[in-house]
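Here the structure is a predicted model, which means the values were calculated and not measured.
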Amino acid sequence: MVDAQAINKSYGSHKVLKDVSLTVKPGEVACIIGPSGSGKSTFLRCINHLEKIDAGRIFVDGQIIGYREAHGKLYELRESEADIQRRDIGMVFQRFNLFPHMTALDNVIAGLIHVQKVDKKKAEVEGLALLERVGLGNKSTHFPSQLSGGQQQRVAIARALAMKPKLMLFDEPTSALDPELVGDVLQVMKDLAATGMTMIVVTHEMGFAREVADSVFFMDEGVVVESGTPDQVLGNPQEARTREFLSKVL
């Protein structure tokens, strides 16, 4: 489902990603862990072309992302063309990015109505079903300011799912939440993984990675230092840098 090949990304003279490669099969959950500033979130944003890469190629479901290739050269897609690709890639951010003037239901169905041109009544039925799925069926008329951080994040997940994506990206979805709210969001993500959704999750939640991930990638200073199954990377890391990081977070 995802094939990232030697991805490089710099901001000025600062090289954020250095030949990052990663593959994720359909239905798999991949967790990316590592210290702050290691390039995890930047890499995730490259997957749906929110950040432009300097070198390498990213394929999602066999389609090169953000570019078309002709005669061995890459040509960047127009923003409207990139937006069409992004419809297949749901993304959930650290900060929930909900529209504050819209109810939970209206946030969930905005993309259905305005992007996919679904009839409003049909969209509302789908939106209510998604809010039920994330445990918020009774909050459909609430505005973001009336919801806890964990509830807002679950609305954001429902909004991403409304577009029926092939792939879900989660960028530290629990890092902005109070500790007692984290569990509800992680449970929704576990339930989603159990349905066979392909997911890439940047996370500091090692318990989630151990329980749910098929593969774990440890990044540091823009490089994938170590990768493997949760048992391999979290339980028996081979690299000294991985062991040092895990000794501080486990």
Would L186 and M189 satisfy side chain to side chain contact (heavy atoms under 4.5 Å, CB included), going step by step from the backbone distance to the final call?
CA-CA 5 Å; L186 291 180; M189 294 170 64; 4.3 Å; yes

For the pair D106 (side chain) and M102 (backbone), establish whether a donor and an acceptor sit closer than 3.5 Å, ignoring hydrogens and angles.
no

I need the minimum non-hydrogen distance between P173 and V92, along with the two atoms involved.
CB-CG1, 4.4 Å

Using modelled atom types and a 3.5 Å cut-off, is there a donor and acceptor pairing between side-chain atoms of K40 and backbone atoms of P35?
yes

Between S41 and D171, do the side chains contain a donor N or O and an acceptor N or O under 3.5 Å apart?
yes

Taking all atoms of both residues into account, what is the closest heavy-atom pair of L234 and A209, and its distance?
CD1-CB, 4.1 Å

Would L192 and L161 count as a side chain to side chain contact (heavy atoms under 4.5 Å, CB included) here? Give the steps.
CA-CA 10 Å; L192 185 58; L161 291 175; 3.7 Å; yes

Residue pair V212 / V29, side-chain heavy-atom distance below 4.5 Å
yes

Do the side chains of M219 and V225 get nearer than 4.5 Å, heavy atoms only?
no

Can you give each donor-acceptor pair under 3.5 Å made by side-chain atoms of residues 119-136, sequence neighbours left out, with the distance rounded to 0.1 Å?
| unit_1 | atom_1 | unit_2 | atom_2 | d |
| --- | --- | --- | --- | --- |
| D119 | OD2 | K121 | N | 3.1 |
| D119 | OD2 | K122 | N | 3.3 |
| E126 | OE1 | K164 | NZ | 3.0 |

Which pair of heavy atoms, one from L181 and one from G150, lies closest together, and at what distance?
CD1-N, 3.7 Å

Are F93 and M163 connected, step by step, through hydrophobic side chains (Ile, Leu, Val, Met, Phe, Trp, Tyr) whose heavy atoms are closer than 4.5 Å?
no

For K139, the salt bridge (Lys or Arg N to Asp or Glu O under 4.0 Å) test, sequence neighbours excluded, returns none

When you measure from the side chain of S10 to the backbone N and O of G12, does any donor-acceptor pair fall under 3.5 Å?
no

Heavy-atom side-chain contact between M91 and R45 under 4.5 Å:
yes

Please name all residues satisfying ring-ring contact (aromatic ring centres under 6.0 Å, His included) with F208, sequence neighbours left out, ordered by chain then number.
none

What closest approach, in Å, do L17 and C46 show between heavy atoms, and which atom pair accounts for it?
CD1-SG, 4.1 Å

Rounded to the nearest 0.5 Å, how far apart are OG of S38 and CZ of F245?
7.5 Å

Rounded to the nearest 0.5 Å, what separation is found between the CG atom of L22 and the CD1 atom of I58?
9.5 Å

Would a 4.5 Å heavy-atom cut-off, applied to side chains only, mark F59 and Q5 as touching?
yes

Same cluster or not: I157 versus L44, using hydrophobic residues (I, L, V, M, F, W, Y) connected whenever any side-chain heavy atoms lie under 4.5 Å apart?
no

Determine yes or no for a side-chain-to-main-chain donor-acceptor pair under 3.5 angstrom, with Q153 supplying the side chain and V185 the backbone.
no

Carefully, step by step, assess E81 and R68 under the rule salt bridge (Lys or Arg N to Asp or Glu O under 4.0 Å).
CA-CA 10 Å; E81 295 171 313; R68 61 182 175 84; 6.0 Å; no

I47 vs I65, side chain to side chain contact (heavy atoms under 4.5 Å, CB included): CA-CA, chis, key distance, verdict
CA-CA 7 Å; I47 293 175; I65 294 297; 5.8 Å; no

Return the OH to OG1 distance between Y11 and T42, rounded to the nearest 0.5 Å.
4.0 Å

Would Y75 and I64 show up in the same hydrophobic cluster when neighbours are defined by side-chain heavy atoms closer than 4.5 Å?
no

Side-chain touch F170/M199, heavy atoms, less than 4.5 angstrom
yes

Please lay out, stage by stage, how V24 and T198 fare under the test side chain to side chain contact (heavy atoms under 4.5 Å, CB included).
CA-CA 8 Å; V24 182; T198 310; 3.8 Å; yes

Hey, are E79 and R86 close enough for a salt bridge, meaning a charged N less than 4.0 Å from a carboxylate O?
yes

Scanning both residues in full, the closest heavy-atom pair of P237 with V233 reads CB-O, 3.3 Å

CD1 on I89 to CD1 on I200, rounded to 0.5 Å:
9.0 Å

List the steps and the verdict of ring-ring contact (aromatic ring centres under 6.0 Å, His included) for Y67 and H49.
CA-CA 9 Å; Y67 301 88; H49 203 56; 5.2 Å; yes

I want to check something: taking the side chain as every heavy atom from C-beta on, are V202 and I33 in contact at a cut-off of under 4.5 Å?
no

Is the side chain of N8 donor-acceptor paired with the backbone N or O of A6 at a distance under 3.5 Å, no angle test?
yes

How many angstroms lie between NZ in K166 and CE in M1, if you round to the nearest 0.5 Å?
6.5 Å

Please give me the minimum heavy-atom distance between G90 and A160, naming the atom from each residue.
CA-CB, 4.2 Å

Among Q152, Q151, Q146, exactly one meets side chain to side chain contact (heavy atoms under 4.5 Å, CB included) together with S148. Which residue is that?
Q151

Could you give all pairs that pass the salt bridge (charged side-chain N to carboxylate O under 4.0 Å, His left out) test and reach residues 180-195, with sequence neighbours left out?
R154-D184, K190-E211

Okay, side chain of Q238, backbone of E226: is any donor-acceptor separation there less than 3.5 Å?
no

Any chain of hydrophobic side-chain contacts (each under 4.5 Å) joining V201 to M206?
no

Any side-chain heavy atom of V115 within less than 4.5 Å of one from R87?
yes

Under a 3.5 Å distance rule, please check whether S227 uses its side chain to pair with a backbone N or O of F217 as donor and acceptor.
no

The complete set of salt bridge (charged side-chain N to carboxylate O under 4.0 Å, His left out) pairs with one or both residues in residues 7-27, sequence neighbours excluded, reads K9-E51

How about L167 and V2: do any of their side-chain heavy atoms sit closer than 4.5 Å?
yes

Residue pairs passing the salt bridge (charged side-chain N to carboxylate O under 4.0 Å, His left out) test where at least one lies in residues 228-242, sequence neighbours excluded:
D220-R241, R241-E244

When clusters are formed by joining ILVMFWY residues with side-chain heavy atoms under 4.5 Å apart, either directly or through shared neighbours, do I7 and V223 land in the same one?
no

Gap between atom OG1 of T242 and atom CZ of F218 - 0.5 Å precision
5.0 Å

